[in-house]
Amino acid sequence: MPLPHDLCQAMMCIALTWGWTRVYAVLCIGFYSLMRPGELFALRGFDMLRHMNGGWLLRIAQGERRVRGARGQYAKIVAVSCGEVLDRWLQEMGSTDRLWTSSPTVFARRFRALVEEAIGMRGGFTVGSLRTGGATFLLQHWGEDLQRLCWRGRWRDTTTLWHYAQE
């Protein structure tokens with residue numbers, strides 16, 4: 001189920017209020033970069049490269065298609081709302097430090113706690129909802145530019161895209 005953009009924003013605000021800066025960073029990067037959960041949890045400090053237009057370029061070392069596709073895969077984030085907090089946080093992070101230092105299960109528990117706090121009940125959202133929610137948000141935000149979204153999500157064709165981007 002895609003995570004709505006407004007709910008993701010609310011979860012990020014709650015995470016900052018609770019002092020969960022790493023959770024905030026994972027939510028922001030996961031939603032706006034369209035990364036798979038496994039790629040997200042494998043990120044290290046040296047994988048996050050700042051680029052000129054105020055966004056981030058993320059190197060994906062553990063990409064799903066690294067055997068059949070291009071060995072060097074990248075994801076891009078251009079989200080002004082996340083930039084300042086990510087800048088401060090990543091300056092403190094060492095180059096070999098992982099973005100998420102605990103297990104994916106711990107993140108999933110915190111994710112569920114944020115959803116409950118934001119909407120007052122358990123939702124059907126999982127960590128995978130970040131990718132589908134981000135794809136749906138970008139599809140609407142970019143005026144249904146399918147080729148651009150396929151490139152950003154590293155999908156070969158629009159058939160695969162429709163599993164992720166939903167109304």
Side-chain angles (χ1 to χ4, degrees), residues 1-18 20-43 47-60 63-65 73-90 99-100 104 107-108 110-167:
M1 198 159 97
L3 185 70
H5 183 250
D6 293 341
L7 179 55
C8 187
Q9 293 276 312
M11 291 168 64
M12 288 191 281
C13 289
I14 294 167
L16 284 178
T17 303
W18 289 352
W20 292 354
T21 54
R22 282 190 189 261
V23 173
Y24 172 88
V26 173
L27 287 171
C28 181
I29 291 170
F31 189 86
Y32 292 109
S33 71
L34 307 180
M35 293 180 97
R36 295 170 184 91
E39 298 166 348
L40 191 58
F41 293 128
L43 281 176
D47 293 325
M48 295 174 226
L49 314 167
R50 187 88 163 118
H51 70 86
M52 298 295 284
N53 297 333
W56 289 90
L57 190 62
L58 308 170
R59 186 176 67 84
I60 302 171
E64 180 183 274
R65 300 199 182 278
Q73 294 182 19
Y74 294 87
K76 184 178 176 183
I77 298 176
V78 180
V80 177
S81 61
C82 296
E84 187 178 316
V85 176
L86 281 178
D87 282 344
R88 274 187 282 143
W89 184 73
L90 290 171
L99 174 65
W100 184 251
F107 181 80
R110 290 189 178 189
F111 184 90
R112 283 191 301 273
L114 289 170
V115 169
E116 269 188 64
E117 183 68 23
I119 64 175
M121 62 180 192
R122 286 192 168 190
F125 303 107
T126 65
V127 179
S129 298
L130 290 171
R131 184 168 162 90
T132 57
T136 303
F137 169 72
L138 290 175
L139 180 69
Q140 295 165 347
H141 181 72
W142 288 337
E144 299 186 14
D145 186 346
L146 299 179
Q147 295 304 318
R148 185 177 181 188
L149 189 57
C150 280
W151 179 83
R152 181 68 68 91
R154 298 171 323 279
W155 295 297
R156 289 185 181 181
D157 59 32
T158 55
T159 307
T160 308
L161 167 65
W162 290 120
H163 293 289
Y164 291 94
Q166 303 167 21
E167 284 292 329

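We use all heavy atoms of the structure for the numbers below, so side chains are in, but hydrogens, waters and symmetry mates are not.
- Contact of the Glu117 side chain with the Trp18 side chain is registered, since non-hydrogen atoms from C-beta on lie closer than 4.5 Å.
- Side-chain contact check for Phe111 versus Leu27: some heavy-atom pair is nearer than 4.5 Å.
- The minimum heavy-atom distance linking Phe125 with Leu7 is given by the pair CE1-CD2, 3.5 Å.
- Annotation: side chain of Leu40 is not in contact with side chain of Phe107 (no heavy-atom distance under 4.5 Å).
- Taking the salt bridge (charged side-chain N to carboxylate O under 4.0 Å, His left out) definition, one finds that Glu116 meets it with Arg122, sequence neighbours left out.
- At least one side-chain heavy atom of Arg154 sits less than 4.5 Å from a side-chain heavy atom of Ile60.
- Listed by chain and residue number, nothing satisfies the side chain to side chain donor-acceptor pair (under 3.5 Å) test with Arg148 (two or more places apart in sequence, or in another chain).
- The CG atom of Leu149 lies 12.0 Å from the NE2 atom of His141; values are rounded to the nearest 0.5 Å.
- At a threshold of 4.5 Å between non-hydrogen side-chain atoms, the residues Trp20 and Val26 do not count as touching.
- Put simply, the side chain of Arg110 never gets that close to the backbone of Ala15: no donor and acceptor are under 3.5 Å apart.
- Leu3 has its side chain out of reach of Thr126: every pair of non-hydrogen atoms, C-beta onward, lies at least 4.5 Å apart.
- A distance of 12.0 Å separates OG1 of Thr136 from NE2 of His5, quoted to the nearest 0.5 Å.
- Arg22 contributes a side-chain N or O that, together with a main-chain N or O of Leu99, makes up a donor-acceptor pair within less than 3.5 Å.
- Aromatic ring pairs are classed by plane angle as parallel below 30°, tilted from 30° to 60° and perpendicular above 60°; the pair Phe31 and Phe137 is tilted.
- Using a 4.5 Å heavy-atom threshold, the side chains of Trp100 and Val23 count as touching.
- Rounded to the nearest 0.5 angstrom, Thr132 OG1 and Leu34 CG are separated by 10.0 Å.
- Two residues are said to be in side-chain contact when any heavy atoms from C-beta on lie closer than 4.5 Å; Met35 and Gln73 fail this criterion.
- Considering NZ of Lys76 and CZ of Arg152, their distance stands at 5.5 Å, rounded to 0.5 Å.
- Taking Arg112 as the reference, nothing meets the salt bridge (charged side-chain N to carboxylate O under 4.0 Å, His left out) condition, with sequence neighbours excluded.
- Residues Ser129 and Met1 come closest through the heavy atom pair OG-O, 2.7 Å.
- The two residues Ala10 and Ala118 come nearest to each other via the heavy atoms CB-CB, 4.3 Å.
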